[in-house]
Amino acid sequence: MKADLHTHTKLCNHAAGEPEEYLAAASKQGIAVLGVTDHAPWPSGYDTLWRMSAEQFPLYRSMVRALQEKQEVSGVEVLYGIEFDYVPGRMQEVYDAMAQEPFDYRIGSVHYTDFGFDDPEMMSEWEKQGPDAIWNEYADRLCRFVESCDFEIMAHPDLPKKFKLYPSDLKYFNSRMQEAFELAGKKGIAVEINTAGLRKPVKEFYPSLDLLKAARRAGMPLTFGSDAHTPAEVGADFGLALDFARTAGYASSLIFRGGKPVEVPFD
């Protein structure tokens, strides 16, 4: 059963296509479970150019519900999710806003150090700060995120590699990632194979094979996500991702219903 648990909507301001087009694409790709996980609008005023506003959130909810009502016709189960960022000092606001929402699952992400490091318009900051500082701060923030917050899926764990800008030494990064994985494994947080990396300059899955093996050794279960921002990206390269998962030693993945994990064996 193929499940794509990381997709977006046009409400985030950097995606295209109608919800029904994503659903149709999932059906065409043989995706049995489609998770809609657009960027959360909280905390207030954070990263407003790249996510929906709080006023738009009811529309997001209704969009997902409308897709769920089409399940019998489409043959695709639609899950209600959200992707939210780690914003130091403001996470209580995020949790208060999400507390009453019946999400099937939540994706935790780090897109910012002190700037949006995955934004191609911010390359001057990469040049100013250097990859070492950015990669290390990312790893520190991910550790703090896993330690202090609850979510079901860890998104694109080595996102800083997007532009093929690497630190001079990965020793500190790998050490901190190991800490994050071990804690995540104890908390039951899944790691995702995110196929969007193949569509970026790095031309690799997130995470690398070495990191994925480390996540498995730490006891983290697995999910698959396309990080689709257009209908054509739904389920992209999932055949390759399955082979990648097997190489890392995985034999199953998860979906989530009502916050509860459901294991899906590969065979």
Side-chain angles (χ1 to χ4, degrees), residues 6 14 39 46-47 50 83-89 91 107-149 151 153-187 189-220 222-223 225-227 229 237 240-241 244-245 247-250:
H6 192 159
H14 60 286
H39 297 283
Y46 169 73
D47 197 28
W50 303 104
E83 180 179 9
F84 70 104
D85 273 67
Y86 179 65
V87 185
M91 296 311 297
I107 296 178
S109 299
V110 176
H111 290 94
Y112 272 73
T113 50
D114 62 345
F115 76 103
F117 63 82
D118 70 327
D119 184 347
E121 296 184 3
M122 299 298 290
M123 300 309 295
S124 62
E125 285 297 318
W126 277 90
E127 295 174 3
K128 177 181 177 181
Q129 298 188 26
D132 290 75
I134 294 166
W135 279 69
N136 292 348
E137 177 61 20
Y138 169 86
D140 287 343
R141 290 194 179 210
L142 185 62
C143 281
R144 293 196 294 270
F145 197 11
V146 175
E147 181 179 15
S148 61
C149 300
F151 50 92
I153 300 173
M154 179 190 293
H156 35 61
D158 52 358
L159 183 60
K161 73 181 182 184
K162 177 178 177 178
F163 303 116
K164 298 182 70 173
L165 298 172
Y166 293 93
S168 58
D169 186 344
L170 282 166
K171 184 177 180 180
Y172 181 83
F173 175 81
N174 287 336
S175 174
R176 292 292 275 159
M177 292 298 287
Q178 186 65 43
E179 292 178 42
F181 288 164
E182 289 177 359
L183 182 55
K186 292 176 183 177
K187 296 177 78 169
I189 296 171
V191 63
E192 72 166 0
I193 294 178
N194 185 308
T195 66
L198 292 178
R199 306 188 296 273
K200 307 302 180 184
V202 71
K203 303 296 182 187
E204 292 180 5
F205 291 122
Y206 305 117
S208 68
L209 183 58
D210 285 346
L211 284 179
L212 187 61
K213 288 180 177 179
R216 183 188 60 78
R217 289 193 298 269
M220 294 183 71
L222 180 73
T223 64
S226 66
D227 212 341
H229 285 70
D237 297 302
L240 294 175
F244 191 67
T247 300
Y250 282 98

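Please read all numbers here as calculations on a predicted model, not as lab measurements.
Pairs passing the salt bridge (Lys or Arg N to Asp or Glu O under 4.0 Å) check and including a residue from residues 198-209, sequence neighbours excluded, read K161-E204, R199-E233.
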For this session: Test H156 against H6 for side-chain contact (heavy atoms from CB on, under 4.5 Å), laying out the working first.
Result: CA-CA 10 Å; H156 35 61; H6 192 159; 4.3 Å; yes

For this session: Using the side-chain contact (heavy atoms from CB on, under 4.5 Å) rule, take R216 and Y250 through it: C-alpha gap first, then chi angles, then the decisive distance, then the call.
Result: CA-CA 7 Å; R216 183 188 60 78; Y250 282 98; 3.5 Å; yes

For this session: Given ring-ring contact (aromatic ring centres under 6.0 Å, His included), test Y86 with Y138 step by step and report yes or no.
Result: CA-CA 10 Å; Y86 179 65; Y138 169 86; over 10 Å; no

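Remark: the D140 side chain and the Y172 side chain contain an N/O donor-acceptor pair separated by less than 3.5 Å. Between Y112 and D85, the side chains place no donor N or O within less than 3.5 Å of an acceptor N or O (distance only, hydrogens not considered).
Not a single salt bridge (charged side-chain N to carboxylate O under 4.0 Å, His left out) links D118 to another residue, sequence neighbours left out. For E137, the salt bridge (charged side-chain N to carboxylate O under 4.0 Å, His left out) partners are R141, R144, not counting sequence neighbours.
For the pair P157 and E192, the tightest heavy-atom approach, listed with the atom from each and the gap, is CD-O, 4.2 Å.
L165 has its side chain within reach of M123: a pair of non-hydrogen atoms, C-beta onward, lies under 4.5 Å apart. Using a 4.5 Å heavy-atom threshold, the side chains of F173 and N136 count as touching. In this structure the side chain of V191 reaches within 4.5 angstrom of the side chain of L222, judged on heavy atoms. Between N194 and F205, the closest side-chain pair of non-hydrogen atoms is not below 4.5 Å.
Under a 3.5 Å cut-off, the side chain of K187 and the backbone N or O of C149 do form a donor-acceptor pair.
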